[in-house]
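A short write-up of the structure that comes next.
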2 protein chains.
Amino acid sequence: MLTISQLAAYAGVTVRAVRHYHQIGLLPEPERDASGYRRYGATAVVSLIKIRTLADAGVPLSQISRMLDADPSAFAEAIRTIDGKLRDEIERLQTSRTHIAQLTAGDSLALPPEVTAYLDRLRAIGASQRMVEAERDGWILVAARWPDRIVEWMPGKSAALDDPQVVRLYRVLSEIFDGDEQDDPRLAEAADIMACLAEQAYAAGDFLHAEEADDDIPHDLIDALADEADPRAQRLRELMRERGWSGWNRMERLAEPPRK
Amino acid sequence: MLTISQLAAYAGVTVRAVRHYHQIGLLPEPERDASGYRRYGATAVVSLIKIRTLADAGVPLSQISRMLDADPSAFAEAIRTIDGKLRDEIERLQTSRTHIAQLTAGDSLALPPEVTAYLDRLRAIGASQRMVEAERDGWILVAARWPDRIVEWMPGKSAALDDPQVVRLYRVLSEIFDGDEQDDPRLAEAADIMACLAEQAYAAGDFLHAEEADDDIPHDLIDALADEADPRAQRLRELMRERGWSGWNRMERLAEPPRK
DNA sequence: ATGGAGGGTTGACGCAGCGTCAAGGTCAAG
DNA sequence: CTTGACCTTGACGCTGCGTCAACCCTCCAT
């Protein structure tokens with residue numbers, strides 16, 4: 001007659017595991033000796049080894065009892081089911097591994113490489129760290145909504161950085177938002193540049209295809225993101241409204257300048 | 001301002017997940033509106049998307065906050081650690097899969113193929129199902145204790161089945177244990193055959209290398225297994241003692257026959 | 001005004017497979 | 001008699017939420 005620790009040692013499991021199998025009814029409770037200790041016979045050892053064999057093979061404990069007294073065909077069927085689950089789980093973990101392998105840099109969080117390349121170019125033309133991070137967060141919102149279409153848009157955005165006016169704009173904005181000045185006079189300069197760019201884009205008809213108007217939420221979110229990041233963004237939008245433009249990432253020409 | 005379900009939908013997670021992230025402090029609780037509803041801004045959306053990106057990559061929730069504000073080198077280090085854990089887990093599951101693939105038949109539970117081949121031969125020479133299962137359970141105990149040496153022993157056991165006396169023994173035992181008769185007269189015949197075989201083995205010196213005497217427990221267990229499986233096994237051992245042999249799977253010649 | 005559908009809120013249990021105290025009773029050896 | 005190694009039950013912890021339960025809020029159609 002074995003004690004619980006001898007049983008566990010023989011089968012290569014922990015004492016706690018044996019007691020757990022008792023609790024869930026997988027291994028029957030044995031007789032107790034005079035002092036209340038569990039005493040195990042040889043059949044218990046064999047049962048426990050069978051249980052461990054199945055458990056080590058990935059069979060859930062809840063199914064082991066059924067499998068132990070199943071006919072060969074049902075057993076084989078159960079094996080196939082469990083093997084399928086194991087395969088799925090392995091696959092899941094492997095996609096996790098490929099995902100994690102692409103998280104090398106901080107910028108690539110949730111962003112395709114085209115966008116991180118664009119952000120690198122932004123840095124290269126003189127945008128500040130804060131500016132780039134703000135842009136990055138905006139693109140994260142875009143990527144979440146249009147994960148496929150974002151790739152199409154990047155070449156155009158990247159090409160825009162060849163325009164000296166755009167470069168100038170990003171530098172000015174970087175300086176503004178890196179400073180502490182809440183009422184920076186350069187805000188007006190930035191607004192002028194943006195209005196000018198908007199005018200050009202409008203003339204070129206670039207706003208037309210933006211009329212698709214899928215869903216307002218993402219656009220509103222991107223606007224809000226800027227506002228939340230820095231109150232001066234709101235001031236900038238106000239200046240834009242004075243110049244006849246509304247919106248922020250999705251501009252529209254206002255019918256007439258507001259009077260306020 | 002978004003409600004919790006809008007936020008969750010945008011980030012592609014469940015409402016419950018968002019609340020869970022609040023509970024564990026991963027995502028800060030937002031302001032509430034007049035009626036107590038949570039109201040989210042754009043930064044919450046971005047945070048949530050970042051969290052999901054890491055979580056989908058297999059990063060434990062408890063580490064995500066640290067990773068989100070880690071410098072690139074610490075970030076990369078954490079990535080390596082997590083990737084290692086993923087790799088280990090995948091490996092574990094894959095060994096589970098190879099294990100489970102070998103569990104085709106019921107006999108192979110915890111047994112190497114050499115043993116199942118031996119069991120098949122037992123069936124072939126006329127051993128009953130009960131008999132084979134009892135043998136199988138015994139071998140499970142052996143395999144648990146000497147997983148490596150068991151392979152060496154099988155050729156000898158298999159060769160023994162060429163002996164007509166052994167074949168006769170297994171058939172007689174099968175008949176006895178398949179019947180209901182508690183005091184079957186064939187028990188004596190079986191004992192005679194076993195004594196005869198023991199005598200031959202003793203003369204051939206086959207018991208000598210069994211003197212290694214590693215550990216009594218497994219031998220005792222195998223004896224006990226037979227006793228637990230059928231009370232007639234005890235009667236058989238008694239008959240063996242009368243013929244001058246003790247033990248069951250590990251026999252010894254008794255100095256003199258007991259008088260009882 | 002009312003009633004119902006479809007949001008939202010907190011609180012709590014459940015899952016899988018044990019690990020790990022806690023607080024005691026038992027056994028064998030020195 | 002003490003000491004240390006085992007045994008007992010009971011209960012919480014871990015991971016990442018799913019799933020009630022019981023109740024409140026809002027909006028729209030009647």
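To find a chain, count down the sequence lines: A is the first, B the second, and so on, and within it residues start at 1. What you see is a predicted model; the values in this text were computed from it and never measured.
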Considering only NZ, NE, NH1 and NH2 on the basic side and carboxylate oxygens on the acidic side, decide whether A:Arg130 and A:Glu133 come within less than 4.0 Å.
-> no

A:Gln63 atom CD is separated from C:dA16 atom P, nearest whole Å, by 10 Å

Using atom CZ of B:Arg38 as one end and atom P of D:dT26 as the other, report the distance to the nearest whole Å.
-> 16 Å

Spacing of CD1 belonging to A:Ile150 relative to CD belonging to A:Glu114, to within rounding of 0.5 Å = 8.5 Å

base_contact_polar (C:dG17 base, A:Tyr21 side chain, donor-acceptor, <3.5 Å) = no

Quick one: is C:dC18 close enough that its OP1 or OP2 comes under 4.0 Å of any side-chain N or O from A:Thr14?
-> no

NZ/NE/NH1/NH2 to OD/OE distance under 4.0 Å, A:Asp120 and A:Arg123 = yes

Length of the line joining A:Leu86:CG and C:dA16:P, which is rounded to integer Å = 15 Å

Expressed in angstrom and rounded to an integer, what is the separation of A:Tyr37 atom OH from D:dT9 atom P?
-> 11 Å

For A:Arg19, report the nucleic acid contact type (base, sugar-phosphate, nothing); a contact means any heavy atom under 4.0 Å.
-> base

With a non-hydrogen cut-off below 4.0 angstrom, is B:Ile4 in contact with a base, only sugar-phosphate, or nothing?
-> sugar-phosphate

DNA chain C nearest-nucleotide lookup for A:Asp33 and A:Gln23: closer to the 5′ end is A:Gln23

Do other residues, nucleotides or ligands put more than 12 heavy atoms under 6.0 Å from B:Glu31 CD?
-> no

Note: A:Phe177 and A:Met131 closest approach over all heavy atoms is CD1-SD, 4.5 Å

Is A:Arg16 side chain donor-acceptor paired with the C:dT20 base, going by distance under 3.5 Å alone?
-> yes

Are B:Ser35 and C:dT9 close enough that a side-chain N or O sits under 4.0 Å from OP1 or OP2?
-> no

Tell me what A:Arg39 touches on the nucleic acid: a base, only sugar-phosphate, or nothing, going by heavy atoms under 4.0 Å.
-> nothing

Between C:dT20 atom C1' and A:His20 atom NE2, what is the distance in whole Å?
-> 15 Å

Which residue, B:Arg52 or B:Ala34, contacts DNA chain D at a nucleotide closer to its 5' end, judged by nearest heavy atom?
-> B:Arg52

Any A:Thr3 side-chain N or O less than 4.0 Å from OP1/OP2 of D:dC7 | yes

Under 4.0 angstrom between A:Arg32 side-chain N/O and C:dT26 OP1 or OP2 | no

Rounded to whole angstroms, how far apart are CD1 on A:Ile51 and C1' on C:dC18?
-> 14 Å

